[in-house]
Amino acid sequence: MLSRILVANRGEIALRIIRACHELGIETVAVYSEADRNAPYLRLADEAICIGPADCDQSYLNIPRIISAAEITNVDAIHPGYGFLAENTNFAEICRDCGIGFIGPTVEAMRLLGDKVEARKIAQKAKVPIVPGSEGVLANEAEAMKIANQIGYPVIIKAVAGGGGRGMRVVHNDVSLRAAFNAAKTEAEAAFGDGSVYLEKFIVEPRHVEVQVIADQEGNALHFFERDCSIQRRHQKMIEESPCPVLLEKDRQRLCEAALRVIKEAKYVNAGTVEFLLDKDNKFYFIEVNTRIQVEHPVTEMVTGHDLIKWQIRIASGEPLGMRQKDITHHGVAIECRINAEDPANNFSPNPGTITEYLAPGGPGVRVDTHAHQGWTVSPHYDSLIAKLIVHQKTRPEAIATMRRALEEFTIGPIKTTIPACLAILSHNLFVKGKIDTGFVERNF
Amino acid sequence: MLSRILVANRGEIALRIIRACHELGIETVAVYSEADRNAPYLRLADEAICIGPADCDQSYLNIPRIISAAEITNVDAIHPGYGFLAENTNFAEICRDCGIGFIGPTVEAMRLLGDKVEARKIAQKAKVPIVPGSEGVLANEAEAMKIANQIGYPVIIKAVAGGGGRGMRVVHNDVSLRAAFNAAKTEAEAAFGDGSVYLEKFIVEPRHVEVQVIADQEGNALHFFERDCSIQRRHQKMIEESPCPVLLEKDRQRLCEAALRVIKEAKYVNAGTVEFLLDKDNKFYFIEVNTRIQVEHPVTEMVTGHDLIKWQIRIASGEPLGMRQKDITHHGVAIECRINAEDPANNFSPNPGTITEYLAPGGPGVRVDTHAHQGWTVSPHYDSLIAKLIVHQKTRPEAIATMRRALEEFTIGPIKTTIPACLAILSHNLFVKGKIDTGFVERNF
Amino acid sequence: MAEKDADVQKIKELIEIMKENDLVKIDIRHGEDYVSLQRAQPQLLGTPMGPMLASAPGVPVMVAQTPAGGRATGQGKGEGLLEVRSPIVGTFYEAPSPDSQPYVEAGSHVDPQTVVCIIEAMKVMNEIKAEVSGTVVERTAANGQAVEYGQVLFRVRPD
Amino acid sequence: MAEKDADVQKIKELIEIMKENDLVKIDIRHGEDYVSLQRAQPQLLGTPMGPMLASAPGVPVMVAQTPAGGRATGQGKGEGLLEVRSPIVGTFYEAPSPDSQPYVEAGSHVDPQTVVCIIEAMKVMNEIKAEVSGTVVERTAANGQAVEYGQVLFRVRPD
């Protein structure tokens, strides 16, 4: 087992990783920027080291500083959390070159799956349905139009290097395709320094369903069932749940097995998430693989009883999974709400500031993952996630009832948060019925 | 279902009941003394009503004021929580006479089981082993000595009306019996206004094991397995866990079935706890029945997945249990630490004051039941419990690891709490091995 | 000396004003003179519900937020009035029976032994005495209304 | 003298008033005279670890709690000294090689361009410049020691 790990992240996920290490008896080194100097979670690490000023580029995103911190503190490995350097192939490669373990997949798997066109090829090899579309980068507008007419409108244009909705365009006919093709290329070029775009059939009102997988270094891979993350606003997930409320058991089986085929085809190691779109007929289409732990991993932990961060560490330590697929079962329903420091009344713009009122919910069925507390200042330098509120109950109606009461209890002020927005969604008739898709929030709020 | 409930309690258990009602869609009325005026949990109730000054006798223990509050707020029923009026037969009777539901057992069952001599008779009728002893109140010293010699020393003298260790004496021979008999009578008279005492065989280094039961109004009774509450200091429980780590499955079965026989013999309704001593050979002896929900009920909730407060309310609403014993299963291990505002360095004397530093633990496997927060003032008027920290994991070693890290995270200051004492116990070799009994704390700390 | 005492006295007065009105900061400038006082930001305790909670659906509110003392009467807010507060929880009645005249009305003179109302609790009619002397200015509870412990029932202008 | 005592007395009184009333700030100006008192906001942030945590077994501690600025140097605590702080994370070396003389020692005069040490990060030897002028008073990092961002390396008395 690894004996000393550097946590190359901040906030709730840094605390989450420190907690897991603590329970496993592993020493931790926390790194922090000057903005996070007073964070109480730093006191829970065995060592905490300042790596730079508040600006991410000079701290949490600064590879030399993090590697140097790892070297001077003699750690075996680095856990990158999510965001920041978690999907940075270059960082993983430097870790390897410096003889420091990277708690995540191999450099090769990251590189392969980080390229969405390559990832689609992997899925096809694994006989996993993908959204029909161009078999790679579109050379020009003419090719785009030809393929769009083959697969039929509506189609969506996406950046190869993309994410977060940038470089995306949905088009419904030849005329709009012309304008959108160039606009998407320009946007992708500006956002990612890479103007390559591809094209897919646009699935109408799909659900976003993703499968959690873990693979060990011996080639064993197991899934931990799915999460439904359809409650999104501008491609940012707001609420996640497990299991997906509309999947029948046999569909769930097929979906999860498909995810495992992709993972095995990519020779993947450690925790990863295979993302799918689910259409109205419950047919699923592979989208991509996230090569890291995800924000919403706790819902999977609640329904399966497995600590995914501990599994990441065990796998990185060389331990085998040592169990079979049938040993992993799911019980009840878990829902997570992301509590962000954002003002829903002001178009969800970030709302940094000092929290002077803070009361967290508790009691049965409630889990809170947060680094926030009364007196904590939400910095404008980092993302606005301040807490994850997770509930677990026997049934979905009970989980919704518990989440509602927990949201109503949760008091954070004077900064504005997404608590009222989450409460409004949890109270919506269609959410209660499970009739949601990725457009639900934009259509109804 | 009941539609409006008055919560005749304060602090964490009042909040716990309000949470359960909220999830069930039941309105709540909170009552509070002037000392609790600013408690945030009052805002979670649909109505909150001041019933008197800080002094319990004029507020939480004042039956006319509570009944009057129930009448003017038009509630269907009163939930008494634990402590205060929860085991007050007179209060339950007045509720009945006023046509207000009492969420608890019948007056008859409370009266029967509240008398320890009667309770022993019930157990004997139910063929449940009791600690050998006098078959009722001891008439005089001579009778005490005769029985002590029959069953053999050591024996323990206890107050019939007793609790909390008052009026108890362990004696090892005729000489000490003489002194102890009168001392116990005098203490019992002073503490409870009733000098009746009885005598039992003193079990050496026993575990305190109790079985959670729930019975409905149709006579169905189910158990929810046992809790081991051997970690006590002066008969006050500090740490509880479920399951009992030394019970084999067949012993567990026998114990739980014995508890159900007592409950059925007493024609008991609603939630109750049957307490036993477990000797070194895993033989159990009935002690008494607690006719209320207990502080440590969350450990049972964690391992069984059942919300016991919701069951209390359903049963009081006239609903049947509607399930079978085999439908109730237990998974993993749960441990609860009681966090009291006490100074372990100063003989655990209460340590009231304002909490200016407060950081609660969170993350996987952690549940916190508390009404405390940064800025909360622990009043000298009430008991010193400020939080219950509960963990749930697959195995006992994992549960201990999670509890340790959660205790280490839990920051409450500047008042002194039992956190360091709990941490010391959790780190003790014998606790880790499960080799504990009710004398463990006094012997080792 | 005198100046110093004056300062301290003035500051004490200002603090009273701050407390009564829940101010966190006062700045006063008189030509060259300047006084600034700042109190700790109010903690959560005692603050009204945050706007988030208030706007959330299904969130309950408290009844009767009126601050309560014991049975003791006290100064009304800056008006020099005394308060008669409920010593128990129950239902307020202004008169001994529905057909009777109210015990007291605005303008009635009361002394400490004057019965001012009845509060019914558990079917018992409890006569409540004024415990102060003066002239009733207003009744602050409605006939038949539920009142909590410490709730103000009457305001009385002292003799 | 007497005036000073009166001041001290007044300040003590003001502090009492602040404590009693939970004030965090008082500013008073009387013409030329000016008094400003400020108490810490009672906050969790920045408070040292609670005694409970400190006494609990297995609880970790932070290394290098020294507050860090950027590369900028600043005033030493009340001593009028400037600080040379580490602009990166790495290993501190006082000399270019084990056999060499240290770049600077107590008493050395430095100007902004003077190299004062090397910090090794990822096998790269980074020469660190003083960025201030003055005389080195002390070195606060040990040769071969790991230093974090913003850690004070030298204190310098300005010219």
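Convention: sequence-line order gives letters A, B, ...; per-chain numbering from 1.
For the residue pair B/Glu23 / A/Thr402, a side-chain donor-acceptor distance below 3.5 Å is found, with atom types taken as modelled.
Residue with the most contacts toward chain A among B/Pro397, B/Pro364, B/Ala401: B/Pro364 (heavy-atom pairs, distance under 4.5 Å). Among B/Leu24, B/Leu15, B/Asp369, B/Ile309, the residue with the largest count of heavy-atom pairs under 4.5 Å with chain A is B/Asp369.
Neither the backbone nor the side chain of B/Glu12 comes within contact range of chain A, judged by heavy atoms closer than 4.5 Å. Proximity to chain B (any heavy atom under 4.5 Å) is restricted, for A/Glu301, to the side chain, taken from C-beta onward. With a 4.5 Å cut-off on non-hydrogen atoms, A/Arg16 touches chain B through its side chain but not through its backbone.
The residues A/Glu409 and A/Arg405 are annotated as salt-bridged, a charged nitrogen and a carboxylate oxygen being separated by less than 4.0 angstrom. A salt bridge does not link A/Glu296 to A/Lys388: none of the charged side-chain nitrogens sits closer than 4.0 Å to a carboxylate oxygen.
Classification of the B/Trp376-B/His371 ring pair by plane angle, with boundaries at 30° and 60°, yields perpendicular.
Remark: the backbone N or O of B/Val432 is paired with a side-chain donor or acceptor of B/Arg396 at under 3.5 angstrom.
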